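Here's the structure, in structure tokens; my notes come after.
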Amino acid sequence: MVFRSQLSGVKRRLLAMGTVLVLSIGVAVETTAVSHAAVTGPCDIYASGGTPCVAAHSTTRALYGAYNGSLYQVRRASDNATSDIGVLSAGGFANAAAQDSFCANTTCVITVIYDQSGRGNSLTQAPAGGAAGGPDNLANAVAAPTFLSGHKAYGVFVAPGTGYRNDHTSGIATGDQAEGEYAIFDGTHFGGACCFDYGNAETNNNDTGNGHMEAIYFGNSTVWGTGSGTGPWIMADLENGLFSGQNTKLNAGDPTINHRYTTAMVKGTANLWAIRGGDAQSGSVSTFYSGARPSVSGYNPMHKEGAIILGIGGDNSKSSSGTFYEGVMTSGYPSDATENSVQANIVAAGYSSSSGSGGLTPGNTISLRATTACCTSDYLRHDDADTKVVISAISSGSSATDKADSTWIVRNGLANSSCVSFESANVPGQYLRHYNYELYTAGDDGTSIFAQDATFCPKAGNNGQGSSFQSVNFPTKYIRHYSYTVYIASNGGTNAWDSTNFWSDDTSWVVSAPWA
Ligand code: AHR
């Protein structure tokens, strides 16, 4: 048989251990994309508190319940065409599928992050500044995939050299005027150089002196201020200094904070400012500093200029890194109560690096992570040397090929549209199928047997984590990894991979944000 003969010459990587791992996911495949529109967005909450948003940026969701416009613009490499990416519905999540379609078979960068406040304070490619030339790089549009309540979206991945800015704003605080700011960052993606910031900065791209900035900083720079532990920390970039408390250097009240999704807040008014933060996936925000302005000359009163930066320092220092999902700037000093409500809204948005059952919506691009204790960094992928399907460790440092090999497009099940099939993201037309109970990638030959062999019905994860995928034509068998190769396996049987050891773990997978 063709697959057997292919196998005979193949180097069989990965044989050693008994495997297993699993994840839990929801039971059913969502066949309708419920937009989960937020009736109230963060900016509605700020407005109710008397401190309205004057800038609202997000590539993942609407920040007003009524917002129904574009979130951001992407430009593709193939023909330099641009496309605005909007929301699934008013107040809802980003239409990531529109980006995926526009950017198919090429690469895209994020060219504009639109201001949802109506003030025109959108962010575009940052120009050169006093510290570094420009224009800065634009973010790879697919480098920060995420999910919100099961809906795929993309954040803004800031690699060193990347930066966005608006030097001609409307309504942003100047001088000593009051403002509030929050942003959601990936707490696991940061740098120690200057300066991954979001917020208020100079309008001429130069360091114009103490107090001419008031931006949220996130990272583990130790040049100016530090907090407790080794970082990263939320600090305020007030120009010529990152402040973790009243003055630079150590302020132990500012903790290391590295939640996968981190809420970071900075606010300032006349001789008063604060740092607050928390886990954007759960719980409340805490106050890490609230008190007087720095005693060093220049910071009281402040000299804010009202430009907006993302990913860079005020003078275009652009050596750090981070990931931004959403953020706003307000007019007025928001109360803690208002910010607490905003945090609740953020938590309710459901940021996650795993999709939940919603990730199995046909058309979504996903990766499947093993859950067995041995292998929780391993993902189901095809092998470039042949058509075998294996698991191997994938990380942000993996090659583009390895990431693409572990990325799959969810399709309506070829044999049963209530179930799913998985098409390779980088070899279009190749589906996961079993043959002699082992998984391979292969082209659809139009036969009924192919359709059945390539159709799997998602169930709740057999080990209580993630999802398990039942073979439609061998219902006792589920997609399983065993000795790092992937099969369909029953819980006990004649094949080695039917082993009951670790069966429930090896047959459970977390539907995760796509690696490519
Ligand atoms: O305040 C820290 C940094 O110092 C600012 O972001 C930059 O403008 C200057 O280099």
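These numbers come from a predicted model, not from an experiment.
- Checked by atom type and distance alone, the side chain of Thr365 never pairs as donor or acceptor with a backbone atom of Ile409 at under 3.5 Å.
- Ion pairing of Glu214 with Arg293 is present here, as a side-chain N (NZ or NE/NH1/NH2) and a carboxylate O approach within less than 4.0 Å.
- Remark: Asp79 CG is packed, more than 12 non-hydrogen atoms of other residues, nucleotides or ligands lying under 6.0 Å away.
- Between Val266 and Met235, every side-chain heavy-atom pair lies at or beyond the 4.5 Å cut-off.
- At distances below 3.5 Å, not a single donor-acceptor pair connects side-chain atoms of Asn251 with backbone N or O atoms of Asp254.
- Interatomic distance, OH of Tyr164 versus CG of Leu123, reported as 9.0 Å (0.5 Å rounding).
- Asp84 and Tyr114 share a donor-acceptor pair across their side chains, judged by distance under 3.5 Å alone.
- In summary, Glu179 and Lys267 do not engage in a salt bridge, as defined by a charged side-chain N under 4.0 Å from a carboxylate O.
- Checked by atom type, the side-chain pair Thr188/Asp186 shows a donor-acceptor distance below 3.5 Å.
- Put simply, the side chain of Met213 does not reach to within 4.5 Å of the side chain of Asn200, judged on heavy atoms.
- A salt bridge links Asp167 to Arg165: at least one charged side-chain nitrogen sits closer than 4.0 Å to a carboxylate oxygen.
- Separating the OG atom in Ser424 from the CH2 atom in Trp408 is a distance of 5.0 Å, to the nearest 0.5 Å.
- Between Trp273 and Tyr289, the ring-plane angle classifies as tilted under the 30° and 60° cut-offs.
- The backbone N or O of Trp515 lies less than 3.5 Å from a partner atom in the side chain of Ser367, making a donor-acceptor pair.
- A side-chain donor from one of Asp136 and Asn316 sits under 3.5 Å from a side-chain acceptor of the other.
- In terms of the disulfide (SG to SG under 2.5 Å) criterion, Cys194 has no residue partners (sequence neighbours excluded).
- Note that CD of Gln281 is 9.0 Å distant from OG1 of Thr262, once rounded to the nearest 0.5 Å.
- Ring planes of Tyr261 and Tyr325: tilted class, angle from 30 to 60°.
- Although no hydrogens or angles enter the test, the distance criterion places a donor-acceptor pair under 3.5 Å between the side chain of Thr111 and the main chain of Gln73.
- Within the 3.5 Å criterion, the main-chain N or O of Asn364 finds no donor-acceptor partner in the side chain of Thr361.
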Checking Asp405 against Tyr379 for the side chain to side chain contact (heavy atoms under 4.5 Å, CB included) test, could you report, in this order, the C-alpha distance in whole Å, the side-chain angles of both residues, the deciding distance, and whether it holds?
CA-CA 9 Å; Asp405 288 351; Tyr379 290 78; over 6 Å; no
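- Just one of Asn220, Thr256, Leu250 meets the side-chain contact (heavy atoms from CB on, under 4.5 Å) condition when paired with Thr226; it is Leu250.
- Formation of a donor-acceptor pair under 3.5 Å by the Thr323 side chain with backbone atoms of Phe185 is not found in this model.
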Kindly determine whether Asn206 and Asp315 satisfy side chain to side chain donor-acceptor pair (under 3.5 Å), including the steps that lead there.
CA-CA 4 Å; Asn206 294 315; Asp315 58 3; over 6 Å; no
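- Looking at heavy atoms from C-beta onward, His189 lies out of side-chain contact with Val158 at the 4.5 angstrom threshold.
- Neither side chain, Thr338 nor Ser341, offers a donor N or O lying under 3.5 Å from an acceptor on the other.
- Panel note: side chain Thr407, backbone Lys403; a donor-acceptor pair is recorded below 3.5 Å.
- Side chain to side chain, Ser399 and Thr401 fail the donor-acceptor criterion of an N or O pair below 3.5 Å.
- Ring pair Tyr46/Tyr182 is parallel by interplanar angle, where below 30° counts as parallel and above 60° as perpendicular.
- Ring geometry for Tyr299 against Phe243 counts as perpendicular: the plane angle is over 60°, on a 0 to 90° scale with 30° as the lower cut.
- At least one side-chain heavy atom of Met329 sits under 4.5 Å from a side-chain heavy atom of Tyr198.
- Between Arg260 and Asp279 there is no salt bridge, since none of the side-chain N atoms of the basic residue sits less than 4.0 Å from a carboxylate O of the acidic one.
- Between the side chains of His212 and Glu305, at least one donor N or O sits under 3.5 Å from an acceptor N or O.
- Scanning for ring pair (Phe, Tyr, Trp, His ring centres under 6.0 Å) contacts around Phe288 gives an empty result, with sequence neighbours left out.
- Judged by distance alone, the side chains of Gln343 and Thr263 do bring a donor and an acceptor atom under 3.5 Å apart.
- A donor-acceptor pair is defined here as one N or O able to donate and one able to accept, closer than 3.5 Å; no such pair exists between the side chain of Thr248 and the backbone of Gly241.
- Once rounded to the nearest 0.5 Å, the distance linking CG of Leu138 with SG of Cys108 reads 11.5 Å.
- Checked by atom type and distance alone, the side chain of Asn80 never pairs as donor or acceptor with a backbone atom of Arg75 at under 3.5 Å.
- The closest side-chain heavy-atom distance from Leu71 to Thr59 is not below 4.5 Å.
- The side-chain heavy atoms of Val74 and Cys103, taken from C-beta on, include a pair separated by under 4.5 Å.
- Lys152 forms no cation-pi arrangement with Phe147, by the criterion of a distance under 6.0 Å to the ring centre and an angle within 45° of the ring axis.
- The pair Asp402-Arg381 meets the salt-bridge criterion, since a charged nitrogen lies less than 4.0 angstrom from a carboxylate oxygen.
- Pairs passing the side chain to side chain donor-acceptor pair (under 3.5 Å) check and including a residue from residues 120-135, sequence neighbours excluded, do not occur.
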Would you sort out whether Tyr217 and Asp197 count as a side chain to side chain contact (heavy atoms under 4.5 Å, CB included), showing the intermediate values?
CA-CA 4 Å; Tyr217 164 86; Asp197 289 351; 3.4 Å; yes
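- Looking at heavy atoms from C-beta onward, Asp336 lies in side-chain contact with Arg276 at the 4.5 angstrom threshold.
- Using a 3.5 Å distance cut-off with no hydrogens or angles, the side chains of Tyr154 and Asp100 do pair a donor with an acceptor.
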Checking side chain to side chain contact (heavy atoms under 4.5 Å, CB included) for the pair Val87/Asn68: CA distance, chi angles, key distance, verdict?
CA-CA 6 Å; Val87 289; Asn68 201 17; 3.5 Å; yes
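- Ser101 places no side-chain N or O within donor-acceptor distance of the main-chain N or O of Ala97, the cut-off being under 3.5 Å.
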Under the side chain to side chain contact (heavy atoms under 4.5 Å, CB included) rule, what do Glu239 and Thr208 come out as? Steps first, then yes or no, please.
CA-CA 8 Å; Glu239 189 52 275; Thr208 53; 5.8 Å; no
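- Rounded to the nearest 0.5 angstrom, Asn166 CG and Arg119 CZ are separated by 13.0 Å.
- Inter-residue side-chain proximity for Leu310 and His57 is flagged as unmet; no heavy-atom pair is nearer than 4.5 Å.
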